[in-house]
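This report refers to the structure that appears directly beneath it.
Chain A is the first sequence line, chain B the second, and so forth, proteins listed ahead of strands; every chain is numbered from 1.
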2 protein chains.
Amino acid sequence: MKKDNKPAASPREVFKRIGLRATPQRLEIYEILNEIDGHPASEDIYERVRKRFPSISFDTVYRTLSQFEKHGLIKKVHHLADKTRYDTNMMHHHHFVCVRCKKIIDFTWEELDRVPMPEGVSQWGSVEDRYVELRGICRDCLKEGKE
Amino acid sequence: MKKDNKPAASPREVFKRIGLRATPQRLEIYEILNEIDGHPASEDIYERVRKRFPSISFDTVYRTLSQFEKHGLIKKVHHLADKTRYDTNMMHHHHFVCVRCKKIIDFTWEELDRVPMPEGVSQWGSVEDRYVELRGICRDCLKEGKE
DNA sequence: TTCATAATTAAGAATATATCCTATCTAAAA
DNA sequence: TTTTAGATAGGATATATTCTTAATTATGAA
């Protein structure tokens with residue numbers, strides 16, 4: 001979706017490149033994602049597609065969003081959203097998260113903790129915690145990928 | 001749970017302080033949280049409590065974990081775990097998240113992006129993204145709290 | 001243009017996670 | 001002890017997501 005400067009490719013070109021058919025439903029979802037503000041849940045998209053495709057199913061929306069995410073057109077805000085996970089370590093720390101197997105590794109990063117807050121944050125509200133997530137592929141998953 | 005130096009208070013003292021009864025189920029869950037490694041889901045806890053309380057219900061586990069979280073004994077790894085939310089902004093950016101209303105505000109933070117990776121990260125795996133989440137209460141929710 | 005085919009879809013069933021309801025029980029204060 | 005607000009078990013319910021299947025359709029090849 002929204003990418004800097006780059007000349008905007010047409011939806012059909014994008015779909016062709018990643019090997020997805022240009023169905024009307026898919027084109028509509030693509031367009032909505034380009035228009036919509038904020039960080040929509042699947043249901044938000046579903047509600048909007050239904051205006052033009054009243055009989056579209058939840059499944060189509062979910063599937064399409066997953067495909068788009070898989071091909072890097074959109075991202076999930078969080079990678080561990082399937083179920084609630086608790087942290088029993090109450091000391092300030094950050095996480096390395098494997099986006100493949102969801103493994104989490106705790107670590108501290110004092111140098112980063114010391115960076116002063118960016119401009120304008122205070123006008124959004126009060127900040128109570130600064131959390132960093134390093135996202136990547138863990139050692140185990142890297143090995144698997146090679147085998 | 002795991003807190004630095006501080007002299008470990010007994011579970012009963014902790015419960016007294018926050019106004020929760022010291023029931024056997026609750027004591028057991030507390031103990032499990034202190035023993036368990038990693039970042040358990042509710043179901044992980046449920047499976048372990050069942051070894052000593054075979055008839056305990058999911059509800060008790062969920063309720064207890066929520067209470068513990070509310071009183072700051074444990075934390076959720078993520079605050080938006082109820083449903084998947086997508087990000088259509090594919091430019092590198094970070095988030096301010098209101099832990100009360102779940103509002104998300106995008107922002108960039110170049111100074112933070114420049115901080116060199118901490119020691120030892122490379123041995124965990126390959127890092128592909130550095131994501132920062134500033135967690136707090138947004139302006140709107142702060143106002144509501146006062147009214 | 002027509003055709004063949006694999007991809008896609010709608011619809012509803014199925015699954016997974018989380019919460020609610022209510023009768024019963026119990027920890028803890030008096 | 002007795003009292004009672006808080007806690008629990010178990011089942012029902014809600015919500016989010018994925019699966020199954022039969023029908024449809026976009027796309028490349030003829």
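- Taking only side-chain nitrogens and oxygens, B:K16 comes nearer than 4.0 Å to OP1 or OP2 of C:dA29.
- Relative to the axis of its first five pairs, the axis of the last five pairs of the helix from C:dT1-D:dA30 to C:dA30-D:dT1 sits at 40°, rounded to 10 degrees.
- Look at CZ on A:F15: it is 23 Å from P on C:dA6, rounded to the nearest Å.
- Remark: the B:R63 side chain and the B:T60 side chain contain an N/O donor-acceptor pair separated by less than 3.5 Å.
- When all heavy atoms of A:M90 and B:G72 are compared, the closest pair comes out as CE-O, 3.1 Å.
- In the hydrophobic clustering of this structure, B:I45 groups with B:L20; members are Ile, Leu, Val, Met, Phe, Trp, Tyr whose side-chain heavy atoms approach within less than 4.5 Å, directly or through other members.
- In this structure, the CD1 atom of B:I45 is 14 Å from the P atom of C:dT17, given to the nearest Å.
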Residue pair B:H71, B:F15: steps toward the side chain to side chain contact (heavy atoms under 4.5 Å, CB included) verdict: CA-CA 10 Å; B:H71 290 100; B:F15 291 168; over 6 Å; no
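- One interatomic measurement links the two molecules: CG of A:L80 to P of C:dA16, which rounds to 19 Å at whole-angstrom precision.
- A close approach under 4.0 Å does not occur between any side-chain nitrogen or oxygen of B:Y62 and OP1 or OP2 of C:dT19.
- Atom C1' of nucleotide C:dT19 and atom CD of B:E69 are separated by 15 Å, given to the nearest angstrom.
- Between B:D82 and B:R63, the residue anchored nearer the 5' end of DNA chain D, judged by the nucleotide with its closest heavy atom, is B:R63.
- A:W124 and B:Y131 are assigned to two separate hydrophobic clusters, defined by single-linkage of ILVMFWY side chains at heavy-atom distances under 4.5 Å.
- In terms of hydrophobic clustering, with Ile, Leu, Val, Met, Phe, Trp and Tyr side chains grouped at heavy-atom distances under 4.5 Å, B:V99 and B:I104 are assigned to different clusters.
- Rounded to whole Å, the distance from CZ on B:R12 to P on C:dA29 is 11 Å.
- Distances shown here put a side-chain N or O of B:T84 below 4.0 Å from the OP1 or OP2 atom of D:dT17.
- For the pair A:K16 and A:E13, the salt-bridge criterion is not met [side-chain N within less than 4.0 Å of a carboxylate O].
- The residue among B:F58 and B:K83 whose nearest nucleotide of DNA chain D lies closer to the 5′ end is B:F58.
- No chain of hydrophobic side-chain contacts below 4.5 Å, direct or via other Ile, Leu, Val, Met, Phe, Trp or Tyr residues, connects B:I32 to B:V77.
- Annotation: proximity of residues 18-27 of chain B to DNA chain D (heavy atom, distance under 4.0 Å) is found for B:L20, B:R21, B:T23, B:Q25, B:R26, numbered in ascending order.
- Rounded to an integer number of Å, the gap from CZ of B:R50 to P of D:dG10 is 11 Å.
- Hydrophobic clustering, with ILVMFWY side chains joined whenever heavy atoms are under 4.5 angstrom apart, keeps A:I137 apart from B:V127.
- In this structure, B:Y46 places its OH atom 13 Å from C1' of C:dA18, rounding to the nearest Å.
- With rounding to whole Å, B:R85 atom CZ is found 18 Å from D:dT15 atom P.
- Residue B:S57 places no side-chain N or O under 4.0 Å from the OP1 or OP2 atom of D:dT8.
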